[in-house]
Structures are given as C-alpha cells and as structure tokens.
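Notes to accompany the following structure.
What you see is a predicted model; the values in this text were computed from it and never measured.
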Amino acid sequence: MYLLIVEDDDRVADFLRRGLAAEGYTTQRVASAEEALLRLRQHPCDLLLLDLMLPGMSGIELCQRLRAERLPMPVLMLTALDGVEDRVTGLRCGADDYLGKPFAFDELLARIEALLRRPSALAQGARTLQVADLLFDRDQMQCWRAGRALHLTAKELALLELLMSAPGRLHSRERILANVWGSYEDPLTNVVEVYIRRLRAKVDEGHELALIKTVRGLGYRLDAVAAPTAPSG
C-alpha cells in the first residue's frame, strides 16, 4: 500500500515515515498541499495522511480540491485542532477520518487499516478471507470453520475480520480497541481479552489446529502455524 504524507513539520513527517515503513507501508512525504495535488493528479495513492495546517493552501482546501476533481483516495486528517467544530469541518470537506495530535501510533495504524478495508479501497478478490480452513465472507458477514457455519456477534465478526485481514500480523490490544470499538472505549477495560476468549471458543474449540494466538504482553495474531512441540527427553 502506498501512502502519501502531507506534513510540513520535518520531525512529525520523519516519525510517520519510519513508523509506517516498519509496518510494511510504502510512503512518500511532501511539505505542501500544492505539491501533493500535483503528485496525486499523476499518481493517486492508496491513502492520504493530511495535516490540516499547511503553508499556502490548507489541508481543508486540498481535501475540497481532491473531492471536486473526483480523486477517490481515502483521506485521514491529522491536526492539533481537535475541537468538535474542527472535526466537523474536516469531515464535511471530504476527509474520511480525523485524528487529533498528539496521537498514539497504534491508533493511527488502526485508523489506516480501517480506511483501507473499506469497500472503495478493497481489491475485488479481497471480499473473501481465508486462513487454513477458516473462511470469512465480507459481503455476507458470515464465516465457516471446516465447512461449519460459525454464529458470531457483530463485534466478534469485526474482531475476526481484523485478525484475518493480515494473517500472522501481531495486533496490540490498543490497536484492536481503536479498530473494533473506536477511540472512546476505556483503554483499561478487559473487553479485548473477553472477546478473544469468546472468539477462541467458537473458532478454535474442537479443532486440532488453534488459529488465534496470544503473544504474552504484546497482543494477538491469527495464523495457521502450529505451535512448536517440546522436545522429548
């Protein structure tokens, strides 16, 4: 995935580029809305990280221009202006999401992942997810393990979809909270642990291969890699 960062602060831009590169994203950075508009007309990105307060043309103006020219990439607006009126203005100008500075990097990743999973950003072949014998149909929001339908609640489906969208990737509880429950959930709650247990009971119970893994102190992942067996003797 190619992300374009529009940020005039060198330190913030460097932090974003290094962090996103470590997560496997390809990024470019420009320091002005004018340069971003020229680049995007020639080479649209998969997602735009847009600072609101820029020299010259503002982030609001750039977002309006992109929508007027029907450039369809999702826009995540990043800004220190985090009042209700500022958020409403950003969303009404065409931004898809709005994140106030300072922000937790895990929450930024969760917002990016959520935007990239929206139908407009999904490839046609990504409507069905599969890991081993676990199948998830995003259109029907239904899933099956070894051909047997699983009866999951809406939150369980959202959590499973997040884990299956990047098999083998480690998801911290903070990222899961932001992605599945939104940024308003109490970070001290144990809701993630509760739902992981519920999901395990429905997805893994009765199967020789457990797909949902815990990495103690770090988070959770879903993959088809069997746990190593202890050596005998």
Side-chain angles (χ1 to χ4, degrees), residues 1-8 12-13 15-17 19-20 23-30 32-54 57-124 126-127 138-139 141 154 157-159 161-162 165-166 171 174-185:
M1 288 291 180
Y2 162 47
L3 279 55
L4 181 64
I5 301 166
V6 189
E7 172 61 68
D8 64 321
V12 174
F15 165 74
L16 290 172
R17 290 199 67 178
L20 293 169
E23 294 291 328
Y25 293 105
T26 299
T27 66
Q28 276 194 322
R29 178 260 179 138
V30 295
S32 72
E34 291 84 356
E35 185 179 355
L37 186 57
L38 290 174
R39 283 179 181 263
L40 291 170
R41 283 170 174 165
Q42 298 174 353
H43 303 289
C45 61
D46 293 300
L47 184 139
L48 180 66
L49 292 175
L50 177 60
D51 186 26
L52 179 63
M53 303 177 67
L54 295 166
M57 185 192 301
S58 71
I60 293 286
E61 292 175 281
L62 174 59
C63 198
Q64 290 171 330
R65 293 282 291 275
L66 294 175
R67 297 319 183 207
E69 296 184 22
R70 299 186 180 279
L71 294 172
M73 76 287 297
V75 176
L76 174 53
M77 197 166 276
L78 307 176
T79 177
L81 300 177
D82 196 29
V84 173
E85 290 185 4
D86 301 307
R87 293 197 298 272
V88 169
T89 299
L91 293 170
R92 282 182 174 168
C93 82
D96 296 276
D97 202 356
Y98 191 105
L99 186 58
K101 298 176 182 178
F103 50 80
F105 190 69
D106 272 340
E107 182 176 2
L108 173 68
L109 290 174
R111 300 289 186 100
I112 290 172
E113 290 163 3
L115 288 174
L116 290 175
R117 290 204 320 274
R118 288 185 178 180
S120 61
L122 288 170
Q124 285 297 110
R127 300 312 301 159
R138 280 171 150 165
D139 291 321
M141 290 304 287
L157 283 166
L159 176 54
E161 182 184 16
L162 174 65
S165 64
H171 296 269
E174 292 78 15
R175 183 184 301 174
I176 293 171
L177 272 176
N179 210 318
V180 177
W181 279 271
S183 58
Y184 302 107
E185 185 69 34

- request: Could you please spell out the steps behind the side chain to side chain contact (heavy atoms under 4.5 Å, CB included) verdict for Met73 and Leu47?
  value: CA-CA 6 Å; Met73 76 287 297; Leu47 184 139; over 6 Å; no

- request: Might you work through the side chain to side chain contact (heavy atoms under 4.5 Å, CB included) test for Leu38 and Leu40, ending with a clear yes or no?
  value: CA-CA 6 Å; Leu38 290 174; Leu40 291 170; over 6 Å; no

task: Apply side chain to side chain contact (heavy atoms under 4.5 Å, CB included) to the pair Leu66 and Leu37, showing each step before the final yes or no.
output: CA-CA 8 Å; Leu66 294 175; Leu37 186 57; 3.9 Å; yes

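Interatomic distance, Ile176 CD1 to His171 NE2, rounded to the nearest 0.5 Å: 7.0 Å. One finds the CD1 atom of Ile60 at 8.5 Å from the OG1 atom of Thr79 (value rounded to the nearest 0.5 Å). In this structure, CD on Glu113 lies 7.5 Å from CD on Glu23, to the nearest 0.5 angstrom. Once rounded to the nearest 0.5 Å, the distance linking CG of Leu16 with CG of Leu49 reads 6.5 Å. Separation of atoms SG (Cys45) and CZ (Arg39) is listed at 11.0 Å; rounding is to 0.5 Å. Separating the CG atom in Leu54 from the CG atom in Leu62 is a distance of 8.0 Å, to the nearest 0.5 Å.
Looking at Leu20 and Phe105, their side chains come closer than 4.5 Å, going by heavy atoms from C-beta outward. At a threshold of 4.5 Å between non-hydrogen side-chain atoms, the residues Leu50 and Tyr98 do not count as touching. With contacts defined as side-chain heavy-atom distances shorter than 4.5 Å, the pair Thr26/Leu3 does not qualify. Between Leu99 and Met77 there is no side-chain heavy-atom pair separated by less than 4.5 Å. Residues Leu48 and Leu76 are not in side-chain contact: their nearest non-hydrogen atoms beyond the backbone lie 4.5 Å or more apart. Between Leu78 and Lys101, some side-chain heavy-atom pair lies under the 4.5 Å cut-off.
In this structure, Asp8 and Asp51 approach most closely via the heavy-atom pair OD1-OD2, 3.3 Å. Ser58 approaches Ala33 most closely through the heavy-atom pair O-CB, 4.1 Å.
With hydrogens and angles disregarded, a donor-acceptor distance shorter than 3.5 Å links the side chain of Asp96 to the backbone of Val75. Using modelled atom types, one side-chain atom of Asp46 and one backbone atom of Tyr2 make a donor-acceptor pair closer than 3.5 Å. At least one donor-acceptor pair under 3.5 Å links the side chain of Arg29 to the backbone N or O of Glu7.
Using cut-offs of 30° and 60° on the angle between ring planes, the pair Phe15 and Phe103 is tilted.
With salt bridges taken as basic N to acidic carboxylate O contacts below 4.0 Å, one links Glu107 and Arg111.
Residues passing the side-chain contact (heavy atoms from CB on, under 4.5 Å) test with Glu34, sequence neighbours excluded: Ser32, Met57.
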